[in-house]
Structures are given as structure tokens and as C-alpha cells.
Amino acid sequence: MPLALFPGTVPLTLSPSLLAQASVAYAPFDQGIRHIATLAGYLSYGLMALAIVFGILTTTGWARRLVSRSAMSSAHIVLAVTALTFGTLHGVSYIFQTGQNFRLINAIVPFVAGGSLSVGLGIIGLDLGLAVALSIVVQRRLGYHRWHIVHYFAYGAFALSLIHTFTASPEVQSLRLLGVGVIGAAAACLLVYILRILPATTAVGLRIAPGEK
């Protein structure tokens, strides 16, 4: 495409390859909102992993020598609420993203309007986490046993968040520092969960749980 910078000068010609490179270099979205959404997503995942670990430590009483049960329970609640807050911010941020057809319904209902599998799994994970958090309101009506069964859906929410984080982020897929951190957090949660479902004598033998005196 000829382009004359000043009258009377020889026009410059831009080749199609240069035009293609320029169009690729231009980002049709707000980089600031993209960075906020990405950071909120990673923080939500990391805090959710910590919430699961703290929840298991609270239930089993493995940390009672160091921290009281009430303190562990409070930390678990704060971590869970903060994780869900960042997760909600992660999803809602894309509504304000320019250059993308992502509406409020896309952030709430999975697989609607051509939503991808990765995004849909992330939405289901967030919805499950929010449902578990809101179930505390009806805990007395459900009873502790039924409410505790509902609470187990938090593990599914974390698993879906892990899949979403891994499949939606090229940085995580490259298995560099960020990818190792994501997998390490999942491995820590898996290890603590396995130790929880093992017989109590196993945890005592491994000196994880205090023995009865």
C-alpha cells in the first residue's frame, strides 16, 4: 500500500507481510484489564489451595500443638472467602474486556454462547465454591452431617480450577516457575488429603498427628 509522507515525495510502499505483522502486534483488548484478570485468577487458585490445606488441618487437629482450632478455622474461612473474591473478580473482569464478546451470562453460566471447555470448567468450579460458601447460611437447617457432605464439593471446585488454570494458561503449560507453583500447590493438597483418609494410626506413625496420651 503506497503511503506519501509529504507532498511531492516518493510514496512508501508497505508490503502485505508488514501489514500483517502490525495487525498481530496490535492487541484488540485492554492490557490492564487482562493483567488484573490474570493476577486475580492465580491468586484465587493459590488461596483456594491454602484454604483446603487449612480446612483439613482444622478438621484433623494436626496443628493443634501450634495453633488453636478456632484460629485455624478462622484462617480457613478468611482464605476461602478471599479466594472466591479473587475468583469472582477474575471472571467479571472479562465482561469489561474490549474486543471480546463476553457478557455477564458468560461469566455465570458455563458453555453458553459458544464458551470454551476450559472457561466452562472454571465457571463450574467457581459456582461450586460459591455454593459451598453460601451453604453456611443453611447449616443449621441442613444439619452438620449433611452440611459437611456439601462441604466436600470444595474438593471438586479446586480440581476444576486446577484444570481451568492449566488448560487456559500457556505460562502454566510451559512448566516453568509458574507452572511448577501451580502443580506444587495441587500436589500439596493431594498429599494432605491422602494423609487425611489414611487410618489415624498412620498419621500418628508419621508424626503428623499427635498421639493420644
**Student:** If hydrophobic clusters are built by linking Ile, Leu, Val, Met, Phe, Trp and Tyr wherever their side-chain heavy atoms come under 4.5 Å apart, do V67 and I77 end up in the same one?
**Tutor:** no
**Student:** Would you check if the side chain of S44 reaches a backbone N or O of L84 as a donor-acceptor pair within less than 3.5 Å?
**Tutor:** no
**Student:** Would you say Y45's side chain and V182's backbone share a donor-acceptor pair under 3.5 angstrom?
**Tutor:** yes
**Student:** Would you mind reporting whether V132 and Y152 have side-chain heavy atoms less than 4.5 Å apart?
**Tutor:** no
**Student:** Does some side-chain heavy atom of W62 sit less than 4.5 Å from a side-chain heavy atom of V192?
**Tutor:** yes
**Student:** Going from OG1 on T82 to CG on L43, what distance comes out if it is rounded to the nearest 0.5 angstrom?
**Tutor:** 10.0 Å
**Student:** Quick one: does any side-chain atom of S93 pair with a main-chain N or O of L89 as donor and acceptor, under 3.5 Å?
**Tutor:** yes
**Student:** Indicate the atoms forming the closest heavy-atom contact of Q139 with Y144, along with that distance.
**Tutor:** NE2-CD1, 3.6 Å
**Student:** Should L47 and V81 be counted in the same cluster of Ile, Leu, Val, Met, Phe, Trp and Tyr side chains packed under 4.5 Å apart?
**Tutor:** no
**Student:** Where do H76 and T58 come nearest, in terms of heavy atoms and distance?
**Tutor:** CB-OG1, 4.4 Å
**Student:** Would you say the side-chain atoms of Q173 pair up with the backbone N or O of T167, donor to acceptor, closer than 3.5 Å?
**Tutor:** yes
**Student:** Using the rule that Ile, Leu, Val, Met, Phe, Trp and Tyr join whenever any side-chain heavy atoms are under 4.5 Å apart, tell me whether V78 and F86 fall into a single cluster.
**Tutor:** no
**Student:** What's the shortest heavy-atom distance between G120 and F111, and which atoms?
**Tutor:** CA-CE2, 3.6 Å
**Student:** Hey, what do you get for CZ (R34) to OG1 (T38), rounding to the nearest 0.5 Å?
**Tutor:** 6.0 Å
**Student:** As an exercise, state the distance from CD1 of I194 to SG of C189, rounded to the nearest 0.5 Å.
**Tutor:** 11.5 Å
**Student:** Taking M48 as the starting point, is it possible to reach L134 by hopping between hydrophobic residues whose side chains are less than 4.5 Å apart?
**Tutor:** no
**Student:** Does V112 belong to the same Ile/Leu/Val/Met/Phe/Trp/Tyr cluster as Y94, with side-chain heavy atoms less than 4.5 Å apart forming each link?
**Tutor:** yes
**Student:** Indicate yes or no: at least one non-hydrogen side-chain atom of L175 is less than 4.5 angstrom from one of I183.
**Tutor:** yes
**Student:** For a ring pair (Phe, Tyr, Trp, His ring centres under 6.0 Å) with H151, tell me which candidate from Y155, W147, F153 qualifies.
**Tutor:** W147
**Student:** Between H90 and H164, how do the two ring planes meet: parallel, tilted or perpendicular, split at 30° and 60°?
**Tutor:** perpendicular
**Student:** Donor-acceptor pair, distance only, cut-off 3.5 Å: does the side chain of T60 make one with the backbone of I56?
**Tutor:** yes
**Student:** Nearest 0.5 Å please: distance from the CD1 atom of I163 over to the CG atom of L117.
**Tutor:** 8.5 Å
**Student:** Which pair of non-hydrogen atoms, one from I52 and one from A154, has the smallest distance, and what is that distance?
**Tutor:** CD1-O, 4.3 Å
**Student:** Show the nearest heavy-atom pair for residues L57 and M72, with the distance to one decimal.
**Tutor:** CB-CE, 3.5 Å
**Student:** Quick one: pull up OG in S135 and NE2 in H148 and give me the separation to the nearest 0.5 Å.
**Tutor:** 11.0 Å
**Student:** Do P110 and L121 touch side chain to side chain, with heavy atoms closer than 4.5 Å?
**Tutor:** no
**Student:** So with a 6.0 Å cut-off around CD1 of I197, is the heavy-atom count from everything else above 12?
**Tutor:** yes
**Student:** Where do L160 and L128 come nearest, in terms of heavy atoms and distance?
**Tutor:** CD1-CD1, 4.0 Å
